[in-house]
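First comes the structure, then the notes that go with it.
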2 protein chains.
Amino acid sequence: MSSQGFELPLRLLLAFRVLIDELHAELARQGHPDIRPMHGFVMQAIGPAGTTAVELGRTLGVSKQAAGKTIDTLERIGYVERSIDPHDTRRKIARLTPHGMDALNRSARIFDTLRARWAEELGEERLHALESDLRRMTPDNLWRLDIPGWFGTL
Amino acid sequence: MSSQGFELPLRLLLAFRVLIDELHAELARQGHPDIRPMHGFVMQAIGPAGTTAVELGRTLGVSKQAAGKTIDTLERIGYVERSIDPHDTRRKIARLTPHGMDALNRSARIFDTLRARWAEELGEERLHALESDLRRMTPDNLWRLDIPGWFGTL
DNA sequence: ACATGATAGACAACCCGGTTAACTATATAG
DNA sequence: CTATATAGTTAACCGGGTTGTCTATCATGT
């Protein structure tokens with residue numbers, strides 16, 4: 001009895017949170033104290049070419065309003081800037097500022113070093129197997145989960 | 001470049017969400033459509049003996065007010081009931097109702113079958129290795145993470 | 001050239017799960 | 001008996017979501 005089944009999902013969440021927490025501790029040390037856990041993923045989704053609220057909402061699987069709000073806050077704290085699309089004055093393209101790109105680059109590097117620590121701890125083979133197993137059990141598209149509000153709410 | 005480092009945390013989150021989503025789809029089919037993703041974990045934390053808001057807050061690592069609110073909603077939807085502690089009339093002990101215990105038991109069974117599906121897909125050895133690796137990389141205490149608000153916010 | 005329909009964005013009201021601060025009521029220790 | 005600690009409640013707020021409604025612009029067909 002006692003259902004060890006709870007163990008698996010909890011460990012997955014915990015592992016995620018541990019990585020995210022270490023990332024943000026390090027990001028804070030490196031000059032990005034204001035950034036919030038999802039901002040890195042959002043900026044990753046914005047990409048180098050920039051995007052609009054509607055597009056961002058589609059790729060993240062949230063409403064355009066939610067995406068718009070997130071862009072608002074990223075703009076407010078200086079990680080994103082908006083400009084109107086000259087070809088379609090309805091559209092406002094959100095692009096990463098240098099500060100935003102810096103955060104994204106640092107996030108990537110920090111994640112890489114965290115992964116390296118895991119590789120050290122578990123061995124590269126074990127870690128590789130873990131990643132491959134996780135890929136097997138999760139959808140192809142990392143972003144679009146088709147679970148409403150999967151971002152931000154348990 | 002291109003930092004495969006994002007892959008690991010995202011896959012962990014995704015895997016968690018996939019399990020949670022399947023759990024709640026099945027729970028809804030089995031007569032618990034109103035339950036929310038964290039409620040299962042909260043009820044697990046409440047335990048068979050019941051608990052108070054302050055205690056629950058401590059074990060979950062959230063404020064007593066947050067714990068109290070969660071108990072409020074669980075009470076409203078009929079999964080928990082409160083009664084004053086005769087030995088200390090300040091305390092209100094929240095206990096699972098039969099409906100709540102039913103949800104908890106079903107959750108445990110569903111998680112077990114989901115885990116079994118993973119074992120089928122990956123092989124018991126691989127899954128075991130995965131669980132053991134996750135344990136290696138995460139804190140001992142599954143509940144108390146000491147990340148403020150780790151529940152519910154990315 | 002113009003009416004019509006689709007699309008982008010903004011705004012409001014709300015939900016959920018968190019936070020801190022301030023308060024009441026009870027218990028306990030000196 | 002007083003002082004302090006504790007349990008619970010309430011209120012105001014935040015971050016990230018939702019839906020609904022509205023305006024402005026674009027694109028298309030007659």
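Naming: A, B, ... by sequence-line order, numbering from 1 per chain.
Listed by chain and residue number, B:D102 satisfy the salt bridge (charged side-chain N to carboxylate O under 4.0 Å, His left out) test with B:R106 (two or more places apart in sequence, or in another chain).
With values rounded to the nearest 0.5 angstrom, A:L10 atom CG is found 7.0 Å from B:F16 atom CZ.
End-to-end axis angle of the helix from C:dA1-D:dT30 to C:dG30-D:dC1, from C1' rotation axes over five pairs per end: 0° (rounded to 10 degrees).
Looking only at distances, no side-chain donor or acceptor of A:T138 sits under 3.5 Å from a matching main-chain atom of B:R11. The closest donor-acceptor contact from the side chain of B:R126 to the backbone of A:D133 lies at 3.5 Å or more, if one exists at all.
Comparing B:T51 and A:K69 by the nucleotide of DNA chain D that holds the closest heavy atom to each, the one mapping nearer the 5' end is B:T51.
The side chain of A:R58 contributes an N or O atom lying less than 4.0 Å from OP1 or OP2 of C:dA8. Proximity of B:R36 to the phosphate of C:dG17: a side-chain N or O atom is located under 4.0 Å from OP1 or OP2.
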Go through the steps to decide whether A:E81 and A:K92 satisfy the test salt bridge (Lys or Arg N to Asp or Glu O under 4.0 Å), and finish with yes or no. CA-CA 10 Å; A:E81 59 191 359; A:K92 288 189 183 173; over 6 Å; no

Can you give one letter per nucleotide of nucleotides 20-27 of chain C, 5' to 3': B if a protein heavy atom sits under 4.0 Å from the base, S if only from the sugar-phosphate, - if neither? BB---BBS

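Note: A:F6 and B:F111 have perpendicular aromatic rings, judged against thresholds of 30 and 60 degrees for the angle between ring planes.
Here A:T70 lies in heavy-atom contact (under 4.0 Å) with sugar-phosphate atoms only.
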